[in-house]
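Just so it is clear, the model here is predicted, and its values are computed rather than measured. Starting from 1, each residue takes its place in the sequence as its number.
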Amino acid sequence: MAAAIKAINAKIRSNKVLDYVCSTHFSQYHTDFWGPASNFGIPLAAVMDTQKDPEIISGRMTAALTVYSGTFMRYALAVTPKNYLLFLCHAINFSAQLTQGYRYLNYWNWGGREKALAAKAAQQGQEAGQQEAATQ
């Protein structure tokens, strides 16, 4: 078993890219890759949330995440060497949060909630009319 693990490890270490991705030492480049790579969960969740009901959007959290992402987009370009992976991560999150912010404002402040409730009532009225027609 130990020989098999050593053979797999040698195979991984022979490839420069796999050696870099699977390395366990904490160098500048190692953390510059894994930090943003693990941080991509935030923008992925934000992008997925754009498909959900706008009633569940938190305006305060959306504002906080927009400021957070905007700040760290700037930080990613201010450090040496520039961390383009971190910049991309926060640029995606910033865009998704702006979309969520627009959806929040549209739903709660610009009449979107009333339109959604009216559409839901109309749909329920149509369903009730169809059921009544079917029973006659």
Side-chain angles (χ1 to χ4, degrees):
M1 182 68 165
I5 292 173
K6 284 184 180 182
I8 291 170
N9 189 31
K11 182 72 173 166
I12 289 172
R13 300 299 176 190
S14 67
N15 184 321
K16 287 176 92 174
V17 173
L18 288 177
D19 182 45
Y20 173 75
V21 172
C22 296
S23 66
T24 57
H25 64 283
F26 288 97
S27 68
Q28 171 74 25
Y29 301 108
H30 181 78
T31 56
D32 283 350
F33 173 77
W34 284 113
S38 62
N39 203 21
F40 257 102
I42 295 171
L44 288 177
V47 170
M48 295 301 290
D49 283 349
T50 60
Q51 304 303 312
K52 293 184 179 176
D53 187 11
E55 188 169 355
I56 64 171
I57 299 171
S58 167
R60 289 182 178 179
M61 184 58 122
T62 300
L65 286 171
T66 302
V67 170
Y68 159 78
S69 288
T71 301
F72 279 93
M73 275 178 15
R74 173 66 182 107
Y75 169 79
L77 297 179
V79 297
T80 305
K82 293 182 182 342
N83 192 335
Y84 294 111
L85 187 58
L86 184 63
F87 177 81
L88 179 64
C89 173
H90 286 293
I92 292 170
N93 191 35
F94 185 77
S95 301
Q97 295 304 327
L98 286 178
T99 300
Q100 290 292 79
Y102 172 78
R103 292 179 68 224
Y104 175 83
L105 290 172
N106 185 44
Y107 188 78
W108 291 107
N109 297 354
W110 298 332
R113 183 169 188 257
E114 291 76 17
K115 289 177 187 174
L117 290 174
K120 186 176 181 181
Q123 178 67 25
Q124 288 174 346
Q126 284 180 346
E127 290 173 1
Q130 289 174 352
Q131 287 177 355
E132 187 178 309
T135 59
Q136 291 178 355

Identify all side-chain donor-acceptor contacts of residues 110-125 below 3.5 Å with residues at least two apart in sequence or on another chain.
residue	atom	partner	partner atom	Å
Gln123	NE2	Glu127	OE2	3.1

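For residues 48-61, the set of pairs meeting the side-chain hydrogen bond (donor to acceptor under 3.5 Å, both in side chains) definition, not counting sequence neighbours, comprises Asp49-Lys52, Glu55-Tyr107. Residue pairs meeting the side-chain hydrogen bond (donor to acceptor under 3.5 Å, both in side chains) criterion with at least one partner in residues 92-104, sequence neighbours excluded, are Ser69-Asn93, Asn93-Gln97, Gln100-Arg103.
In this structure, CG in Asn83 is found 13.5 Å from CE in Met73, a value given to the nearest 0.5 Å. The distance from the CG atom of Leu65 to the CZ atom of Phe94 is 11.5 Å, given to the nearest 0.5 Å.
Linking ILVMFWY side-chain heavy atoms closer than 4.5 Å, directly or via other members, places Leu77 and Val79 in two distinct hydrophobic clusters. Hydrophobic cluster membership is shared by Leu105 and Trp108, with clusters built from Ile, Leu, Val, Met, Phe, Trp and Tyr side chains linked at under 4.5 angstrom.
With sequence neighbours left out, the side-chain contact (heavy atoms from CB on, under 4.5 Å) criterion links Val47 to Ile92, Ala96. Residues forming a ring pair (Phe, Tyr, Trp, His ring centres under 6.0 Å) with Phe72 (at least two apart in sequence, or on another chain): Tyr68, Tyr75, His90.
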